[in-house]
Amino acid sequence: MKKLNVGLVGAGFMGKAHVVAYSNMPKLFWPAPAMPVLKTICDIVPEIAEDSRERFGFEKCCTDWREIVNDPEIDVVSVCTPNNAHAPIAIAALEAGKHVICEKPIASTLADAKAMADAAAKAAEKGIISMNAYQYRRVPAIVLAKKFIDEGSLGEILNVRCTYLQSWSADPDSPLSWRFQKDIAGAGTLGDIASHVIDIAQYLAGDIDEVVSMMKTYITERPVQEGGVDLLGTVKLGADAPRKAVDVDDEDSFLVKFKSGASGSIEATRNAWGRNNFITVELHGTLGSVYFNYERLNELQVCWAKDPDDRRGFKTIYTGPAHFYGDATWNIPGMNIGYGELKAIEMFDFISAIVNGQQPSTRFEVGYRVERVCAAVAKSAESRQWEKVED
Ligand code: SOE
């Protein structure tokens with residue numbers, strides 16, 4: 001079986017998710033499209049690099065990503081760093097002929113996102129694959145909704161309503177990680193989580209054409225954190241810890257018009273107590289509706305207009321072997337997949353794309369379009385008017 005040598009940059013939360021995905025992909029999908037071999041892991045903190053090498057089973061570790069990009073043995077690069085490092089690493093890797101899977105949002109600036117999409121287009125001519133890690137569109141229930149839309153079962157799509165609500169930053173004592181710093185993250189909630197539902201909305205209903213938005217920052221300063229490691233609100237710093245200004249958005253709400261003529265709304269916040277990974281997607285078509293909530297990710301609710309009046313309503317489809325990726329996961333609907341399996345599904349699509357020589361649905365160009373929607377949202381929050389998404 002073909003082997004692909006992996007270099008992974010950034011050994012934090014997402015680095016761990018990619019390692020779990022590389023390791024579990026062939027265990028779920030067999031025969032695998034190719035076998036990933038964990039060659040080199042990079043983290044700028046030497047102790048973390050060495051610890052991750054041992055823990056995750058990489059052959060080598062390093063503290064400079066250039067060692068991975070310049071290593072002729074490496075075939076595939078995972079970019080799991082904070083957002084402002086995505087562009088230099090991904091572009092250098094593509095130019096060196098490596099296939100690249102990069103965490104989202106694609107970059108911390110629109111200019112970097114464009115440069116990445118351009119580099120990916122050039123590399124694609126030589127059969128190099130780029131992929132942005134928008135994994136939620138690969139949840140089997142979301143793919144099922146897409147199937148219903150594509151086959152026309154929902155009729156014309158009238159409205160798409162999405163939310164992404166979390167609570168991990170609602171506490172003012174949650175530290176000022178890189179996610180609250182514009183020069184590193186590029187944006188707050190907008191790039192971090194609204195981007196996921198923008199991707200799902202465009203996957204299901206086509207390109208967003210115009211937006212009108214409101215953006216808010218509720219917690220304007222946060223305690224400074226030693227070392228800056230991203231703790232996602234799991235650690236609180238005391239009231240006496242020195243504080244610094246937050247310069248990104250906490251909450252975004254916007255109306256959207258799709259090129260298809262459909263309309264919709266998107267709301268995202270990381271300050272919603274009681275909501276955890278609350279991604280909801282509701283679509284209304286002329287022939288029916290679908291509803292999805294990631295906190296029940298193995299379910300798709302469907303309502304068909306053609307059902308008789310006395311029994312029309314949402315019914316729940318539990319995804320399983322009859323659905324997308326279902327033959328690779330567990331045998332009985334209700335046994336359920338979670339975040340780990342989802343990242344393995346994403347890795348299967350990435351490795352399959354490499355082996356088949358076909359760009360995946362979330363190639364860099366698609367991540368760049370999400371970024372252009374985000375740019376229009378930010379512009380509209382300033383102008384207080386409808387803003388067009390750049391084509
Ligand atoms: C934090 O909001 C975060 O880890 C995001 O960065 C991820 O993209 C999302 O999948 C889960 O939450």
Side-chain angles (χ1 to χ4, degrees), residues 10-21 78-86 101-108 113 131-139 141-142 162-171 174-182 184-201 203 215 217-219 222 225 228-235 246 248-252 266-281 292-297 337-347 350 362 366-367 370-371 373-374:
F13 161 41
M14 288 322 301
K16 171 174 149 185
H18 282 224
V19 172
V20 168
S78 270
V79 182
C80 302
T81 60
N83 306 343
N84 64 340
H86 289 181
I101 178 167
C102 179
E103 269 307 319
K104 45 48 60 184
I106 184 167
S108 60
M131 179 150 152
N132 232 214
Y134 280 115
Q135 71 274 357
Y136 296 121
R137 67 157 67 191
R138 296 189 161 80
V139 172
I142 293 285
C162 300
T163 66
Y164 197 157
L165 314 178
Q166 297 182 326
S167 61
W168 64 265
S169 78
D171 189 326
S174 292
L176 184 97
S177 72
W178 63 266
R179 288 177 200 265
F180 298 103
Q181 299 174 51
K182 192 173 166 63
I184 308 178
T189 292
L190 184 59
D192 191 25
I193 58 172
S195 60
H196 278 298
V197 277
I198 292 170
D199 177 61
I200 294 175
Y203 170 60
M215 293 171 75
T217 303
Y218 294 116
I219 297 170
R222 289 182 181 274
Q225 175 197 4
V229 176
D230 176 22
L231 302 168
L232 285 169
T234 50
V235 169
V246 168
V248 297
D249 49 299
D250 282 330
E251 183 178 292
D252 318 306
I266 294 182
E267 281 184 79
T269 177
R270 302 180 294 194
N271 290 48
W273 287 121
R275 298 301 185 203
N276 298 299
N277 211 44
F278 197 84
I279 301 171
T280 63
V281 180
F292 168 82
N293 180 344
Y294 183 86
E295 290 185 1
R296 304 189 68 91
L297 82 156
I337 64 162
Y339 188 73
E341 284 98 340
L342 180 59
K343 287 305 262 187
I345 284 173
E346 172 176 70
M347 204 49 84
F350 176 54
T362 50
V366 173
V370 171
E371 212 52 35
V373 177
C374 291

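Remember, it's 1-based here, ligands and their atoms both numbered in the order they're listed.
- Tyr164 and His196 have tilted rings, their planes meeting at an angle from 30° to 60° on a 0 to 90° scale.
- Looking at Ser174 and Ser169, their side chains never bring a donor and an acceptor atom within 3.5 Å of each other.
- Among protein heavy atoms, atom 4 (O) of ligand 1 sits closest to Phe13 CE2, 3.1 Å.
- Atoms of ligand 1 found under 4.0 Å from any heavy atom of Trp168 (numbered from 1 in listed order, with element): 1 (C), 2 (O).
- The shortest contact between atom 1 (C) of ligand 1 and any protein heavy atom is with Asp192 OD2, 3.4 Å.
- Residue contacts with ligand 1: Arg270 is placed with no nitrogen or oxygen under 3.5 Å of a nitrogen or oxygen of the ligand (distance criterion only).
- For the residue pair Asn132 and Gly367, the shortest heavy atom distance occurs at OD1-CA, 3.5 Å.
- Smallest separation of non-hydrogen atoms from Ile142 and Arg137: CG2-O, 3.6 Å.
- Trp168 pairs with exactly one of Phe278, Phe180, Trp273 by the ring pair (Phe, Tyr, Trp, His ring centres under 6.0 Å) rule, that one being Phe180.
- Using a 4.0 Å cut-off between a side-chain N of Lys or Arg and a carboxylate O of Asp or Glu, Lys16 and Glu103 do not qualify as a salt bridge.
- Residues Asn276 and Gly274 share a closest heavy-atom pair of ND2-O, 3.8 Å.
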May I have the step-by-step check of side-chain hydrogen bond (donor to acceptor under 3.5 Å, both in side chains) for Gln166 and Asn277, ending in yes or no?
-> CA-CA 6 Å; Gln166 297 182 326; Asn277 211 44; 3.0 Å; yes
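- The atoms of ligand 1 that sit less than 4.0 Å from any heavy atom of Ile193 are 2 (O).
- With atom 10 (O) of ligand 1 as the reference point, the heavy atom nearest to it among Tyr339, Tyr136, Tyr294 is part of Tyr136.
- Residue-ligand proximity, Gln135 to ligand 1, at heavy-atom distances under 4.0 Å covers atoms 10 (O).
- Atoms of ligand 1 found under 4.0 Å from any heavy atom of His196, numbered from 1 in the order shown, are 7 (C), 8 (O), 9 (C), 10 (O).
- Residue contacts with ligand 1: Met14 is excluded, as none of its non-hydrogen atoms falls under 4.0 Å.
- Ligand-side atoms of ligand 1 in range of Lys104: 5 (C), 6 (O), 7 (C), 8 (O), range being under 4.0 angstrom from any heavy atom.
- Closest protein heavy atom to atom 9 (C) of ligand 1: Tyr164 OH, 3.3 Å.
- Between Gln166 and ligand 1, an N or O atom pair is found at a separation short of 3.5 Å.
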